[in-house]
Amino acid sequence: MRIFSGIQPTGALHIGNYLGAIKQFLELQEKEECVFCIVDLHAMTIPYDPRTLPKNVLDAAVCYLASGIDPEKSILFVQSQVTEHTELAWILNTVTPVGDLLRMTQYKEKSRQFQKDLNAGLLNYPILMAADILLYQTEVVPVGQDQQQHVELARTIARAFNHRFGPTFVEPRVSLPKTGAKILSLTDPKKKMSKSVPPSCLYLFDEPEIIEKKIMAAVTDLGREIKFDPIKKPGIANLLTVYSQFSGLAIPKIEKKFRNKGYADFKKSLAQVIIEALEPLRKKRKELLSREVYVREILSQGAKKARSIAQSTMEEVRKKTGLV
Ligand code: AQP
């Protein structure tokens, strides 16, 4: 089975990116053919500094590798190094109704957030994402909940293209993790943890003192009971999910462990659980940061492999669409 997913180099990865997406990648790379991408072209749809983009791309590669993506098992590459992504995106533009783009939740939210810098790229983002996915004849796209709608649109676009030009693309389906598909903000547990809202984030590579500080300050709910109730207690329910994901303990077991204890005891223990679980990743990242040439070589080899799949898909697309 072919798997594809991407992460934007828009800043440090947070535990939402890890629990929603990367943890799925790690399981899938053991048994499937995985293609993972650093989607730098997507990162250009919101205001960014061209001087820091190359560093962010390299950081994203280091984060992927430190989290356990194995270049022997998976293809890891940078989107802009395989030009077929933008070529296919243009063609898919011509089979995508504008109305479908306007109803995307991410577009509605981001166009409010970046009102002053609103560009067509933000609206067309899901078409480029469809191109990313369809180029590799992807069957499954592991993502967090926020990206589910975009993957469903990629499926609709594949169907529209196949209908108009004849069978060409596999119709991809989404894979969400059973738990952790939407990790919530530490400061406002009604919203998701988001790279573009830094105070909401617990970063994957925060130092232990920072992890402890952020967890102790995380916004929780009224009362003192440690109970999984996402409606009445979204803050505690979110922290219980994180506890469970990093410790491997089922949520009822954690509730039992903290029966008759307060939020402070629970949070102290949670911070320790996260610090310990992420320690090996932090070590690996420090080591990789000093091996830039090695990381760049992985990306270059990954781009070569990705290009060969992408070129064969594009050859067929050009034939089907009359671009010969
Ligand atoms: N809070 C989250 N919980 C679970 N999964 C999440 N993902 C993102 N936030 C959460 C998943 O992480 C993968 C990579 O995300 P991205 O780099 O493409 O960025 P994004 O989806 O736009 O989310 P970010 O990182 O929080 O950035 P902004 O600030 O732009 O919203 C995706 O699979 C995503 O679902």
Side-chain angles (χ1 to χ4, degrees), residues 3-28 34-48 53 56-57 59-64 67 69 76 78-79 85 104-114 117 121-122 125-126 128-130 132-133 138 140-154 172-205 214 218 230 234-235 237-239 241-242 244-246:
I3 311 293
F4 177 93
S5 198
I7 288 187
Q8 298 189 69
T10 40
L13 295 188
H14 53 68
I15 59 166
N17 301 133
Y18 182 71
L19 299 177
I22 295 178
K23 259 186 108 180
Q24 296 194 75
F25 302 172
L26 300 181
E27 274 172 35
L28 286 164
C34 291
V35 182
F36 298 123
C37 186
I38 297 164
V39 290
D40 51 351
L41 299 167
H42 283 281
M44 297 170 71
T45 56
I46 55 172
Y48 78 102
L53 187 58
N56 287 348
V57 167
D59 275 356
V62 165
C63 289
Y64 262 121
S67 307
I69 295 303
L76 177 63
V78 180
Q79 184 187 31
H85 287 249
M104 291 292 113
T105 307
Q106 181 175 288
Y107 174 70
K108 288 185 195 159
E109 285 172 0
K110 293 233 159 124
S111 56
R112 265 197 301 270
Q113 196 179 348
F114 299 104
D117 292 284
L122 199 60
Y125 178 114
L128 180 58
M129 181 163 157
D132 301 338
I133 295 167
T138 303
V140 174
V141 188
V143 285
Q145 202 186 72
D146 62 319
Q147 291 295 335
Q148 179 173 12
Q149 198 182 30
H150 288 164
V151 179
E152 281 160 5
L153 181 59
R173 60 188 167 82
V174 73
S175 161
L176 298 179
K178 281 193 195 80
T179 39
K182 186 177 180 182
I183 298 299
L184 303 175
S185 158
L186 292 183
T187 46
D188 180 0
K190 284 187 207 77
K191 298 192 176 137
K192 79 158 194 142
M193 189 174 284
S194 237
K195 277 195 226 117
S196 55
V197 186
S200 77
C201 295
L202 183 66
Y203 296 110
L204 210 46
F205 300 105
K214 286 187 179 176
N238 187 44
L239 296 184
T241 302
V242 174
S244 170
Q245 287 293 300
F246 279 114

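Note that ligands are numbered from 1 as they come in the structure, with each ligand's atoms numbered from 1 the same way. In this chain, numbering begins with 1 at the start of the sequence shown.
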If you measure every N/O of [X] against every N/O of ligand 1, is any gap under 3.5 Å?
| X | answer |
| --- | --- |
| I183 | yes |
| Q145 | no |
| Y125 | no |

Enumerated ligand 1 atoms positioned under 4.0 Å from heavy atoms of [X]:
| X | answer |
| --- | --- |
| A181 | 3 (N), 4 (C), 5 (N) |
| G180 | 4 (C) |
| H14 | 9 (N), 10 (C), 24 (P), 25 (O), 26 (O) |
| G144 | 5 (N), 11 (C), 33 (O), 34 (C), 35 (O) |
| I7 | 14 (C), 17 (O) |
| G20 | 4 (C), 5 (N) |

For [X] versus [Y], what's the shortest heavy-atom pair and its separation?
| X | Y | result |
| --- | --- | --- |
| T187 | P199 | CG2-O, 3.5 Å |
| P172 | V141 | CB-CG2, 4.1 Å |
| V143 | P177 | O-CD, 3.7 Å |
| H42 | Q79 | CD2-NE2, 3.3 Å |
| V78 | C37 | C-SG, 4.4 Å |
| M104 | P126 | CG-CG, 4.0 Å |

Checklist entry - For ligand 1, does Q8 get within less than 4.0 Å through its side chain, its backbone, both, or neither, judged by non-hydrogen atoms? => result both
Checklist outcome for this item: Checking heavy atoms under 4.0 Å, the part of A21 that sits near ligand 1 is side chain
Report the nearest protein non-hydrogen atom to [atom]: residue, atom name, distance rounded to 0.1 Å.
| atom | result |
| --- | --- |
| atom 9 (N) of ligand 1 | K192 NZ, 3.0 Å |
| atom 8 (C) of ligand 1 | N17 ND2, 3.2 Å |
| atom 31 (O) of ligand 1 | S194 OG, 2.9 Å |
| atom 17 (O) of ligand 1 | K195 NZ, 2.5 Å |

Item to check | Residue list, salt bridge (charged side-chain N to carboxylate O under 4.0 Å, His left out) with K192, at least two apart or on another chain | outcome: D146
Checklist entry - Heavy atoms only: which of K110, Q24, H42 is nearest to atom 30 (O) of ligand 1? => result K110
Checklist entry - Should one rank G16, P198, G6 by closest heavy-atom distance to atom 6 (C) of ligand 1, which comes out on top? => result G16
Next on the checklist: Less than 3.5 Å apart, any donor N or O on the side chain of K23 or Q245 sitting next to an acceptor on the other?
Outcome noted: yes
Checklist entry - For the side chain of T138 and the backbone of I133, is there at least one donor-acceptor N/O pair under 3.5 Å apart? => result yes
Checklist entry - Is the side chain of D117 donor-acceptor paired with the backbone N or O of P47 at a distance under 3.5 Å, no angle test? => result no
Next on the checklist: Does any part of the side chain of Y18, heavy atoms only, come nearer than 4.5 Å to the side chain of L26, both counted from C-beta?
Outcome noted: yes
Next on the checklist: So for D146, does at least one of its heavy atoms come nearer than 4.0 angstrom to any atom of ligand 1?
Outcome noted: yes
